[in-house]
Every structure is written in C-alpha cells, then in structure tokens.
Protein chains: 2
Amino acid sequence: MNNVQEESLRDQKKFRRRLQILEIARSIIATKGLRSLKVRDIAEAAGCSVGSVYNEFGDFDGVILTVNRETVQALTVRLGGVPADDPVRQLYGLAETYLEFFAEHANLLRSLFEHRMEDDRPYPDDILQMVMDAFALMHPPLVRLLPDADDVRIALLSRTLFSAVHGIISLGLEERMVAVPPQMLRQQVEQFLDAHLAGLGIVPAGAPSS
Amino acid sequence: MNNVQEESLRDQKKFRRRLQILEIARSIIATKGLRSLKVRDIAEAAGCSVGSVYNEFGDFDGVILTVNRETVQALTVRLGGVPADDPVRQLYGLAETYLEFFAEHANLLRSLFEHRMEDDRPYPDDILQMVMDAFALMHPPLVRLLPDADDVRIALLSRTLFSAVHGIISLGLEERMVAVPPQMLRQQVEQFLDAHLAGLGIVPAGAPSS
DNA sequence: GCTTGAAAATGAACAATGTTCAAGAAGAAT
DNA sequence: ATTCTTCTTGAACATTGTTCATTTTCAAGC
C-alpha cells in the first residue's frame, strides 16, 4: 500500500534497469527501425540476460508497447506546449509541431502506428486512448472557431484533420514513397491547412482575407 | 531471344507454380496479415518445398514485394475505371474508390505501405513509381479545375490530396486506433473533399453554390 | 550475524522461422 | 540413349523469440 518511502535497494536496481532497457530499446528503434530491435541486443547493451528483459516486460511486445506509450506521451507534451492564444495560429502550430516531432522521431512514430501484435491480440486500450487524447488537443481551438458546431461535428472534424495531416506527414517523410524535402513538407502542410480552413469558412486572424 | 512461341513444359509448370505461390501468399496476407505469412505455410499450401519458393522469388521479401506490386496494379486499374466526365465528380470518385478498395483489401494495402525491408535495403523503385503513377490519376481533373496552376503546383496538390485521403482512410480503418464505421468513413471523406475543394475555390458542378 | 524465504537473475535449452546448399530428379538438347 | 542444364528437394544451419530449472540476491526475522 505505502509505495513511496520504502524504496528497497532491490526495487531501485529493478527500476534503474527498467529505464535502461527502455532507453536502449528506444535508441535502437529510433536509429535502426523496429525491425532491427532484438532481445539479445537489448540484453547485451543493458548488461543483463534475456530472461531479465522478459521478467520485466513479459514479452517482446511489452518492450515495444512501453516505448510506444512513452512516444505518445512525449508527443502529447510537445503538442500541449503549443500556444493557445489564437485558435487559428494554434491549429497551424499543432500541425507544425507534429511535423517537427515526426521528423525528429520518424522511426518511433512508425513503431507506434505500424506495429502489429502477434496473432491478433488486441492493441492495449490505454495507448489507443492516449492517441485520441493527443488529437483531442484540436478540440478547443476548433470550438472557438466554429462555435455553432456540435460536439460530434467537432470530434469528427478533429479526427479528420489529424488523420489528414498525419497522412501528409507520414507519407511525406517516407523516403521510399515520395521523399519530400522537409522544408517543402512544411510548406505543404501549411498550404493544406490554408485551403482546408478556408473551405470551412475560417480566415486567418493575422492576415487580410485577400 | 524468341520468348513467346516456345513455352516449354518446364516453363509452364514453373509459371503455374509461381502464380499459385503468389495467390496463397496474397490470401494469407489478406486474411491474417503480413505478420502471419510464413515460408513453410506457403510451401505446404502450394505442395512444394521451401527451396522452390526461394528459387522463384530469391528471398522472402521477394514474395511480399511481388504481392505488393500486384496490389498497386490492381489499385491503379480500379482507380483508372473512375469516370472522367466531370472533374469534380472524378475526384470524389477517386477518393471513394480508394476507400472501397482499401476497405476490401486492408491488409494488402498495409503490406504495401508498412512493410520494411530487412536491414536497410532500398525499396524497389518500380513499386515506388507505380504508387506515384496511381496518384498521378488526379492530375487530369485537377488541371481541368485549376487551368492557371503550373505543373509543379498540380503535382504538389495531388500528392497532398492523396496523402490526406490516405491518412483519413488508413487511420479510419485501423480498428485499434479509431474504428470509424465504414459508412461514416465514407461521409468523412466526402466532407473532407467538400471543405478542401471549396478552400481551393472549386465548386461542385452539379450543386448550386449556396 | 545467521537463517530463511521470497524475489529476481541467469543462461542453457527450446521453438519458430528465414536461408542455404549438396544431392537428386526432371526435362531439354543432341 | 546420352548428356547437359535446370529445377526441386529437404535436411541442416542461422537467427531470434520464449521458457524454466537453477542459482544468486536481497530483505526479514531471530
């Protein structure tokens, strides 16, 4: 029950190792991609046995899912840092920040969106919920911009916008598919928002409507 | 040199088996996902040895890539069947057809977009080219709708639209992520196009602009 | 400090799966 | 019929996820 004061030496080591394993796994995924992640590599880099990895995370998916979980958290933090002064600017800021984050951690994001579980075990609900929370960050600015829209419409719209921007960015950063230069991709996202917001009847605050 | 008339018995068997292997592989990917594709399962279902699979396709990626290649081809055929009478209707038709195709062959499309090569061997150029050809189908209607836009802008726009629609559909069909009901997804794609085309200054032909 | 019991760590062994290759079989060429 | 080429085979190998009996480590009680 009391879980703070008594940090046994054993628990400390366990916790330290847990963090170390996650850091190593994340580093491998980030630099060489999810496919290159091997239990033995993790164990060797962490200076422990493969059994310890299993003892801590249950199975291999457990390691991956924990890394993915932390990726969404980091993303949410970054997106949460976008200024909420002007709703239009906020929407642009969210898209731009998502692009930055994706460009910096492309392989981690791919791990989050593309990893399939063994057999057909369900993807953990909490990660799903986290992703939804992340793109729920668009709700407030959208509500301010479309005061007459009901909640369902706002939710649908934010999902649409998120998915669309995600598509543009993820395919744009896919070297093999299209290979858009990063600076151009940024412009592409901006122009996309320009057109789409205009189509929704939203005009940028700072700019004249000509 | 002469490659048509002399169809040796050997070549016939080889070709038949090749088709059979591909059909089996495609069927497994389509029903159980790429992760469930195993060489031994293919060999057993095709009534041959694993060596024969390797002999025909080089390695495992070879099988997957060939299936992916045929998936893009099938997609291109389907998209090519969209009527080109009215450019606006054509754009809606392309999106709708993409949605249909994706819904019917979700796992095949995921295999196409998510499969990563072993190590970091490059993804085959021809598949890349085929995908680009597929979404180049949007060029003609866009040119008709935006006669003043230059080629670069058209290309950029078609890429953006394709990526956005792809994002909406692929995330929308991802049970684990959002789980949008198919009929609602269709409406979502339509509304997306409504807004975006309006933002580009394009008004539907059949409908009054009110 | 020693004993004891619980928790964790170990790593060898196992299982699943991609890959290779020497030997054999099958078809084509002469 | 013989030879030659090509394909096929499947056992063996390599890689990698997973398990588990054994050992080690640590905390608690005396």
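Below, read A as the first sequence line, B as the second, and so on, with proteins coming before strands; counting in each chain starts at 1.
In summary, the side chains of A:Asp133 and A:Gln129 do present a donor paired with an acceptor at a separation below 3.5 Å, with no hydrogens or angles considered. Inspection of the A:Tyr123 and A:Asp61 side chains reveals no N or O donor paired with an N or O acceptor under 3.5 Å.
For the pair B:Asp41 CG and C:dA16 C1', the interatomic distance rounds to 11 Å; values are reported in whole Å. In this structure, the CD atom of A:Glu56 is 13 Å from the C1' atom of C:dA7, given to the nearest Å. Here the P atom of nucleotide D:dT8 and the CD atom of B:Gln20 are 12 Å apart, to the nearest Å. Atom CZ in B:Arg35 sits roughly 15 Å away from atom P in D:dT16 (whole-Å rounding). Counting to the nearest Å, the P atom of D:dT16 and the NZ atom of A:Lys32 are 10 Å from each other. Protein atom CZ of A:Arg16 is 16 Å distant from nucleotide atom C1' of C:dA8, rounded to whole Å. Nucleotide D:dT9 holds its P atom 12 Å from the NZ atom of B:Lys14, rounded to whole Å. Taking atom CZ on B:Arg18 and atom P on D:dT8, their separation rounds to 12 Å, with Å as the unit.
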Check nucleotides 22-26 of chain C against the protein and report each pair of N or O atoms closer than 3.5 Å, with its distance, or say if there are none.
unit_1, atom_1, unit_2, atom_2, d
C:dA26, N3, B:Arg10, NH2, 3.1

Between protein and nucleotides 17-20 of chain D, what N or O pairs are separated by less than 3.5 Å?
unit_1, atom_1, unit_2, atom_2, d
D:dG17, OP1, A:Leu37, O, 3.4
D:dG17, OP2, A:Val39, N, 2.9
D:dG17, N7, A:Arg40, NH1, 2.7
D:dG17, O6, A:Arg40, NH2, 2.6
D:dT18, OP2, A:Tyr54, OH, 2.6
D:dT18, OP2, A:Phe60, N, 2.9
D:dT18, O5', A:Tyr54, OH, 3.2

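Counting heavy atoms from C-beta on, the side chains of B:Phe102 and B:His166 come closer than 4.5 Å. Residues B:Leu34 and B:Ile28 have side chains not in contact (no heavy-atom distance under 4.5 Å, counting atoms from C-beta outward). Residues A:Ser170 and A:Arg110 are not in side-chain contact: their nearest non-hydrogen atoms beyond the backbone lie 4.5 Å or more apart.
Expressed to the nearest 0.5 Å, how far CG of A:Leu200 lies from NE2 of A:His196 amounts to 4.5 Å. Once rounded to the nearest 0.5 Å, the distance linking CG of B:Leu112 with CD of B:Glu70 reads 12.5 Å. Put simply, CG on A:Asn107 and NZ on A:Lys32 are 11.5 Å apart, with the number rounded to the nearest 0.5 Å.
Salt bridge status for B:Arg78 with B:Glu104: present, with a side-chain N to carboxylate O gap under 4.0 Å. Residues B:Glu174 and A:Arg116 are paired through a salt bridge, judged by an N-O separation under 4.0 Å between the basic side chain and the carboxylate. Salt bridge B:Lys14/B:Glu56: present, at least one basic N to carboxylate O contact under 4.0 Å.
Between A:Ser52 and C:dT10 there is a side-chain polar atom (N or O) within less than 4.0 angstrom of OP1 or OP2. Regarding contacts with the backbone of C:dA9, a side-chain N or O of A:Asn55 is found under 4.0 angstrom from either OP1 or OP2. Residue A:Ser49 has no polar side-chain atom (N or O) positioned under 4.0 Å from OP1 or OP2 of C:dG11.
Inter-axis angle, ends of the helix from C:dG1-D:dC30 to C:dT30-D:dA1, five pairs per end, rounded to 10 degrees: 10°.
Just one of A:Val39, A:Ile24, A:Asp59 meets the side-chain contact (heavy atoms from CB on, under 4.5 Å) condition when paired with A:Val53; it is A:Val39.
The residue A:Arg17 sits close only to the backbone: its heavy atoms come under 4.0 Å of sugar-phosphate atoms, none of a base.
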